[in-house]
Amino acid sequence: MIVETRLKFLNNQPVARGNYILYWMQQSQRAEWNHALEYALYRANDLDLPLLVCFGLNSDYPLATARHYRFMLEGLKETAKALEEKGVKLVVRIGNPPAVTAQLAEKAALTITDCGYLRLQRQWRQEAASKIKCPLIQVESDVIVPVEEASAKEDYTAGTFRPKILRQLHEYLQPLKAAKAKRDSLGLNIESENCDDISGLMLKLNFADEDNLLDWIHGGTGEAKKRLEQFIENKLDRVPDERNDPAKNCVSRLSPYLHFGQISPIFVALAIRESGSRGSDIFLEELIVRRELAMNFVYYNPNYDSLTCLPDWALISLKNHADDRREYLYSLADLEAAQTHDQYWNAAQKELLLRGHMHGYMRMYWGKKILEWSPSPREAFQQAVYLNDRYSLDGRDPNGYAGVAWCFGKHDRAWGERPVFGKVRYMNEAGLRRKFDIDSYVEQIEAL
DNA sequence: ATCGGCTCGCGCAA
DNA sequence: TGCGCGAAGCCGAT
């Protein structure tokens with residue numbers, strides 16, 4: 001049914017006498033291509049019990065703002081409907097997710113959950129595991145190859161990680177059969193927030209900040225699939241030549257959907273592969289090798305969001321240059337307001353503010369310059385993480401932390417020594433001009 | 001325009 | 001122990 005290496009038993013409780021099986025949805029916020037959901041359905045049908053899905057909504061997730069919550073709620077609304085069609089009720093409650101779950105688990109025979117690797121998500125699962133009096137089973141559904149199977153340790157670069165994950169791909173990059181509930185839970189009388197009322201929920205969560213909302217992108221599995229289809233149809237062939245060009249818009253913008261678990265990486269990878277496009281290999285390298293290297297990074301490195309996550313050569317080298325004179329120094333407020341001397345950097349920051357998204361190539365340049373213009377590498381790292389987490393729709397994601405860390409030397413090799421950067425790879429605006437029509441990018445952003 | 005060097009550590013071959 | 005190789009760039013030599 002579900003491959004055993006996707007499962008992890010988080011406590012030692014025996015199956016209880018309960019009224020239902022509970023699936024605590026948190027990372028995989030979707031009703032299709034969801035291994036945790038399918039495993040829960042399988043156990044529910046096997047035990048002849050209904051399946052109840054719960055979601056804990058807390059309004060104080062660090063650095064999450066109105067744009068993130070609305071995107072997530074749009075997705076949940078659609079997911080609630082799709083679950084209903086399978087005979088499954090979704091209970092959404094405001095509160096600390098493990099507490100919400102533990103309460104509903106009192107009447108559950110068995111609790112299933114999905115899997116994210118950030119510090120807070122792991123704490124939540126630990127907290128729930130200690131409170132719940134029935135088994136709590138974690139099912140991995142947001143990476144293609146389960147993290148511990150892909151590699152037993154933190155990998156040094158993509159070069160070491162790539163062969164490890166690619167040789168296991170055939171085993172895990174497989175379609176998932178969808179089941180329906182034998183006994184439905186729709187009639188269960190259990191209190192829930194109304195997922196259809198997104199603006200009402202936003203108010204309850206104390207988010208009335210209309211300024212921070214985005215109108216060019218909306219959450220949900222349907223939206224994600226539409227974007228994927230259009231990307232394959234219109235852009236994938238151009239990926240080998242144009243993916244790095246900020247002026248070309250040759251990007252999928254699927255990362256927010258992957259971040260909130262609104263689309264399955266397996267579904268995306270299979271669709272890309274089946275397209276047979278000349279861009280498939282490069283896209284799959286980014287979706288699988290790079291994305292899952294980021295998972296490997298946050299899973300094995302507890303310091304993933306601070307400077308100390310770096311390899312020794314980078315840490316030592318940056319320290320050796322801590323006292324170098326900085327030609328430009330900006331405060332967090334300067335950076336946040338996109339007010340530097342560099343129009344390319346300002347454009348990238350404005351894209352982040354206005355779209356909640358930044359072109360992949362500009363993310364590198366943007367992070368490198370924060371390192372160059374901050375009083376210390378430590379402050380630079382914190383500021384880059386803060387800005388990305390707060391403004392990017394895909395903030396607070398393993399890819400975001402790995403991306404910032406890369407700018408400071410993570411997953412990279414040493415390069416020629418220079419001021420401030422030491423041996424960390426340097427980037428400059430001449431590179432942008434040499435390779436791209438970067439002024440066109442600036443114009444596009446200014447037009448927003 | 002194109003190309004090699006920069007520099008480090010992993011991981012495999014011996 | 002030695003050595004090939006990575007890898008989303010820059011820079012100076014040709």
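The model shown is predicted, which means the values in this text are computed figures rather than measured ones. So that the names make sense, note that chain A is the first sequence line, chain B the second, and so on, each numbered from 1. We use all heavy atoms of the structure for the numbers below, so side chains are in, but hydrogens, waters and symmetry mates are not.
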Subject >> Length of the CZ-P vector between Arg243(A) and dA8(C), whole Å >> reply: 8 Å
Original post:
Rounded to the Å, how far apart are Tyr365(A) OH and dC10(C) C1'?
Top reply: 13 Å
Would you be so kind as to tabulate the donor-acceptor pairs closer than 3.5 Å made by side chains of residues 420-430 of chain A, with sequence neighbours excluded?
unit_1    : atom_1 : unit_2    : atom_2 : d
Arg425(A) : NE     : Asp412(A) : OD2    : 2.7
Arg425(A) : NH2    : Asp412(A) : OD1    : 2.8
Arg425(A) : NH2    : Asp412(A) : OD2    : 3.3
Asn428(A) : OD1    : Ala430(A) : N      : 3.4
Asn428(A) : OD1    : Gly431(A) : N      : 3.1
Glu429(A) : OE2    : Arg433(A) : NH1    : 2.9
Glu429(A) : OE2    : Arg433(A) : NH2    : 3.3

**OP:** State whether a side-chain donor-acceptor pair under 3.5 Å links Gln27(A) with Asp142(A).
**Re:** yes
Shorter than 3.5 Å, N or O on both sides, protein versus nucleotides 8-10 of chain B: list them out with atom names.
unit_1 : atom_1 : unit_2    : atom_2 : d
dC8(B) : OP1    : Lys423(A) : NZ     : 2.3

Subject >> Which residues share a side chain to side chain donor-acceptor pair (under 3.5 Å) with Asp324(A), sequence neighbours left out >> reply: His321(A)
Original post:
Is the backbone N or O of His359(A) less than 3.5 Å from a side-chain atom of Glu351(A), with the two atoms forming a donor-acceptor pair by type?
Top reply: yes
Original post:
Name the stems that DNA chain B belongs to, where each is three or more consecutive Watson-Crick or G-U pairs with both distances under 3.5 Å?
Top reply: B:1-6 with C:9-14, B:8-13 with C:1-6
**OP:** With heavy atoms under 4.0 Å as the rule, sort Lys435(A) into base, sugar-phosphate or nothing.
**Re:** sugar-phosphate
Subject >> Gap in Å between the two P atoms, one belonging to dC10(C) and one to dG9(B), rounded >> reply: 23 Å
**OP:** Report the distance from atom CG of Leu432(A) to atom C1' of dG9(C), rounded to the nearest whole Å.
**Re:** 11 Å
Original post:
Can you name the ring pair (Phe, Tyr, Trp, His ring centres under 6.0 Å) partners of Tyr441(A), sequence neighbours left out?
Top reply: none
Subject >> Gap between atoms CH2 and C1', on Trp366(A) and dA8(C) respectively (whole Å) >> reply: 17 Å
Give every pair of a protein N or O atom and an N or O atom of nucleotides 11-14 of chain C that lie under 3.5 Å apart, one pair per line with the distance.
unit_1  : atom_1 : unit_2    : atom_2 : d
dC11(C) : OP1    : Arg418(A) : NH2    : 3.2
dC11(C) : OP2    : Asn428(A) : ND2    : 3.0

**OP:** Give a yes or no answer on whether the side chain of Gln29(A) reaches the backbone of Leu76(A) with a donor-acceptor pair at less than 3.5 Å.
**Re:** no
Original post:
Separation of Lys369(A) atom NZ from dG9(C) atom C1', in whole Å?
Top reply: 12 Å
**OP:** For Trp313(A), check ring pair (Phe, Tyr, Trp, His ring centres under 6.0 Å) against everything at least two apart and list the hits.
**Re:** none
**OP:** Show your reasoning for whether side chain to side chain donor-acceptor pair (under 3.5 Å) applies to Tyr330(A) and Glu372(A).
**Re:** CA-CA 10 Å; Tyr330(A) 295 110; Glu372(A) 188 175 341; over 6 Å; no
Run the side-chain donor-acceptor check on residues 379-387 of chain A: report pairs under 3.5 Å with partners two or more places apart or on a different chain.
unit_1    : atom_1 : unit_2    : atom_2 : d
Glu379(A) : OE1    : Ser376(A) : OG     : 2.9
Gln383(A) : OE1    : Ser374(A) : OG     : 3.4
Tyr386(A) : OH     : Glu336(A) : OE2    : 3.3

Subject >> Touch class at under 4.0 angstrom, heavy-atom based, for Arg162(A) against every strand present >> reply: sugar-phosphate
**OP:** Determine the contact category for Met364(A): base if any of its heavy atoms lies under 4.0 Å from a base atom, sugar-phosphate if only primed atoms, P, OP1 or OP2 are that close, otherwise nothing.
**Re:** base
Original post:
For DNA chain C, which residues in residues 280-293 of chain A have a heavy atom at a distance below 4.0 Å?
Top reply: Arg290(A)
Could you run down the sub-3.5 Å N/O contacts of the protein with nucleotides 3-5 of chain C?
none

**OP:** Sticking with atom C1', work out how far dG11(B) lies from dA8(C), rounded to a whole angstrom.
**Re:** 24 Å
Original post:
When you look at CD of Glu417(A), are more than 12 heavy atoms from neighbouring residues, nucleotides or ligands closer to it than 6.0 Å?
Top reply: yes
Original post:
P atom, dG4(B) versus dC5(C): distance in rounded Å?
Top reply: 14 Å
**OP:** Check salt bridge (charged side-chain N to carboxylate O under 4.0 Å, His left out) between Lys164(A) and all other residues, then give those that pass, not counting sequence neighbours.
**Re:** Asp155(A)
**OP:** Tell me, please, which residues at least two apart from Ala129(A) pass side-chain contact (heavy atoms from CB on, under 4.5 Å).
**Re:** Leu10(A), Asn11(A), Leu136(A)
Original post:
CG of Asn234(A): more than 12 outside heavy atoms within 6.0 angstrom?
Top reply: yes
**OP:** Check whether any side-chain N or O of Arg67(A) sits under 3.5 Å from a backbone N or O of Leu393(A) as a donor-acceptor pair, and report yes or no.
**Re:** no
**OP:** Test Lys81(A) against Glu78(A) for salt bridge (Lys or Arg N to Asp or Glu O under 4.0 Å), laying out the working first.
**Re:** CA-CA 5 Å; Lys81(A) 278 221 169 58; Glu78(A) 185 183 339; over 6 Å; no
Original post:
If you count the non-hydrogen atoms of other residues, nucleotides and ligands that lie under 6.0 Å from CZ in Arg227(A), is the total more than 12?
Top reply: yes
